[in-house]
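First the structure, in the form of structure tokens, and then the observations on it.
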Amino acid sequence: MASGGQHAPQNSGSEVRSFRCPGKSSDESLGEMALRCPLPPRPWNVSLSAAIRKSFSEACLRDALRLRAPSWTRSVRGGMLARPAAGPDPAAARGPPAAPSTQPPVPSPPRLMQKTWGGFPDQRRLLAYLTQAQGREARLWRGGQLQQGEICEAFREVVLWLLSVENIFDFSQTTFNLALTIFSRLIVSVKIKKHLLHCVTVTSLRLATKVNEEEELIPRIKDFIKHYGSGYSPNELLRMELAILDRLHWDLYIGTPLDFLSIFHALVVLGWPHVKELMPQRNPSLHVASLTRQLQHCMAGHQLLQFKGSTLALVIITLELERLMPDCCTPISDLLKKAQVGIGQWNRCKELVKEQLASL
């Protein structure tokens with residue numbers, strides 16, 4: 001990430017043009033929802049009565065009595081491990097050792113994820129992941145196009161800004177990709193005014209960190225605002241979070257383009273192992289990192305909002321295959337079939353991706 005990417009302070013007003021949504025008043029905007037969202041009370045401001053505190057203590061005691069026995073008393077392969085008692089040596093009291101068992105050893109339980117060379121899951125497992133991601137995408141994805149010229153340019157600027165800001169909190173690329181996916185879902189369903197795009201982008205990143213990052217790695221909201229959103233108060237950001245969650249029905253995790261990119265890349269490496277020899281430094285991880293940069297740059301193109309994330313990821317992979325392998329008709333046809341993407345849609349998306357990558 002480039003350093004010194006602080007964005008200019010934006011207005012903190014919450015004005016978003018009205019958008020009709022089932023079950024909502026047509027006159028209510030996202031900004032109005034953000035303003036009326038009640039914030040939960042702080043834990044240290046909540047007072048409990050003496051009766052509640054007493055019942056809480058009694059409940060804790062009852063639950064403590066239900067705890068499992070110490071590890072030295074738990075059964076191990078049908079037997080019990082007795083806690084050693086003080087006194088004579090227990091080994092002497094047991095007598096001579098028993099004869100070794102003639103039964104074959106009990107096999108260990110199978111691994112949940114079967115792996116092949118290079119640490120990739122097998123193809124059957126990958127196809128299951130692909131089906132799961134396609135199901136999430138089909139349920140939540142709503143494509144569209146931006147009509148206003150100023151919003152189209154502002155959308156590109158704010159996405160490229162987010163990708164260029166120094167990543168001082170070490171967020172993963174999965175987190176950034178989920179943030180861009182949340183932002184894209186919102187902007188095609190709600191007409192947001194230009195001066196609010198920065199606030200919505202920062203809030204999308206904040207929500208993505210809560211979904212993807214470990215709890216101890218999520219920065220405090222004041223530190224987060226200091227780096228990404230100077231000009232906003234914590235309450236403004238929290239209210240915008242609640243408004244976005246309400247618009248997206250509290251269902252943030254769609255199958256992201258990066259999910260599909262990783263799956264398609266692994267399928268290619270497993271199906272055509274000689275592709276690995278053509279990769280930079282013969283390293284699939286470095287290759288995926290390079291393709292991820294291309295993918296996230298393409299997500300700044302407003303014209304690509306009309307395509308699913310799976311289609312965008314498929315085009316990125318197939319363009320790379322065409323560059324590495326002159327005769328790549330077989331793997332491309334196989335990926336098109338597995339991704340359930342028509343050749344016409346693939347060609348249209350391919351031309352727009354080429355235009356977008358020309359500016360990378």
Side-chain angles (χ1 to χ4, degrees), residues 112-145 173-174 177-178 180-181 184-185 253-279 284-285 287-299 301 303-357:
L112 294 179
M113 182 180 296
Q114 300 176 4
K115 299 264 185 164
T116 58
W117 61 269
F120 286 105
D122 61 11
Q123 191 173 52
R124 179 182 58 83
R125 185 74 63 178
L126 283 171
L127 292 177
Y129 293 156
L130 178 60
T131 301
Q132 185 181 32
Q134 287 172 331
R136 289 198 305 265
E137 185 181 55
R139 179 170 55 88
L140 297 176
W141 181 81
R142 298 292 181 272
Q145 290 184 334
Q173 291 303 312
T174 305
N177 200 256
L178 178 58
L180 295 180
T181 304
S184 300
R185 288 176 60 194
Y253 203 88
I254 188 174
T256 66
L258 187 54
D259 292 338
F260 290 104
L261 183 75
S262 302
I263 294 171
F264 292 150
H265 187 272
L267 286 172
V268 169
V269 172
L270 284 177
W272 294 269
H274 64 281
V275 174
K276 187 179 178 182
E277 304 298 322
L278 306 175
M279 296 177 183
S285 297
H287 193 229
V288 169
S290 174
L291 297 179
T292 299
R293 287 192 293 271
Q294 297 181 30
L295 175 70
Q296 307 215 121
H297 182 79
C298 287
M299 293 183 74
Q303 293 178 322
L304 291 168
L305 292 173
Q306 61 184 301
F307 298 102
K308 293 181 178 180
S310 56
T311 305
L312 177 58
L314 177 67
V315 168
I316 295 290
I317 287 287
T318 52
L319 285 175
E320 185 69 5
L321 284 175
E322 291 175 353
R323 186 184 70 84
L324 295 176
M325 303 167 55
D327 184 17
C328 58
C329 295
T330 302
I332 290 179
S333 299
D334 184 69
L335 287 177
L336 284 171
K337 181 179 179 180
K338 290 173 179 174
Q340 302 175 14
V341 175
I343 189 68
Q345 187 180 27
W346 174 69
N347 279 325
R348 290 194 302 273
C349 184
K350 182 178 175 181
E351 294 304 317
L352 293 174
V353 167
K354 286 181 177 179
E355 295 178 8
Q356 189 69 19
L357 290 178

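Counting begins at 1 with the first residue of the sequence. Keep in mind the model is a prediction, meaning the values are calculated, not measured.
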Which side-chain N or O atoms in residues 327-344 pair as donor and acceptor under 3.5 Å with protein atoms at least two apart or in another chain?
unit_1, atom_1, unit_2, atom_2, d
Ser333, OG, Cys329, O, 2.8
Asp334, OD2, Lys338, NZ, 2.9

Salt bridge (Lys or Arg N to Asp or Glu O under 4.0 Å): which pairs involve residues 255-270, sequence neighbours left out? Arg136-Asp259
Closest non-hydrogen atom pair between Phe307 and Trp141, with its separation: C-CZ2, 3.5 Å
So, Ser310 versus Glu137: side-chain donor-acceptor pair below 3.5 Å or not? yes
Identify, with sequence neighbours excluded, every residue that meets salt bridge (Lys or Arg N to Asp or Glu O under 4.0 Å) alongside Arg142. none
Between Arg185 and Ile254, does the side chain to side chain contact (heavy atoms under 4.5 Å, CB included) criterion hold? Intermediate values first, please. CA-CA 10 Å; Arg185 288 176 60 194; Ile254 188 174; 4.1 Å; yes
Sequence-distant partners of Trp346, side-chain hydrogen bond (donor to acceptor under 3.5 Å, both in side chains), two or more places apart: Thr318
Please tell me whether Gln296 and Gln173 have a donor and an acceptor in their side chains that are separated by less than 3.5 angstrom. yes
Could you pull out every donor-acceptor pair under 3.5 Å between side chains of residues 349-357 and any protein atom, sequence neighbours left out?
unit_1, atom_1, unit_2, atom_2, d
Lys350, NZ, Glu322, OE1, 3.3
Lys350, NZ, Glu322, OE2, 2.7
Gln356, NE2, His297, O, 3.3

Rounded to the nearest 0.5 Å, the CG atom of Leu130 sits from the CG atom of Leu267 at a distance of 6.5 Å
Using only atom types and a distance under 3.5 Å, with no angle test, would you say the side chain of Thr131 pairs donor to acceptor with the backbone of Leu127? yes
Assess the residue pair Ile316 and Phe264 against the criterion (side chain to side chain contact (heavy atoms under 4.5 Å, CB included)); give the C-alpha distance rounded to whole Å, side-chain angles, the decisive distance to 0.1 Å, and a yes or no. CA-CA 10 Å; Ile316 295 290; Phe264 292 150; over 6 Å; no
Minimal heavy-atom distance between Asn177 and Thr181, with the atoms involved, is O-OG1, 2.8 Å
Rounded distance [0.5 Å steps], CD in Gln134 versus CD1 in Ile263: 8.0 Å
Give me the atom names and distance for the closest heavy-atom approach of Ala313 to Phe260. CB-CB, 3.8 Å
Counterpart residues, salt bridge (Lys or Arg N to Asp or Glu O under 4.0 Å), relative to Arg293 (two or more places apart): none
Sorted by chain and number, sequence neighbours left out, salt bridge (Lys or Arg N to Asp or Glu O under 4.0 Å) with Glu320 holds for Arg323
Mind checking side-chain hydrogen bond (donor to acceptor under 3.5 Å, both in side chains) for Ser184 and listing every partner two or more places apart, or none if nothing turns up? none
Can you sort out the partners of His287 under ring-ring contact (aromatic ring centres under 6.0 Å, His included), two or more places apart, ordered by chain and number? His265
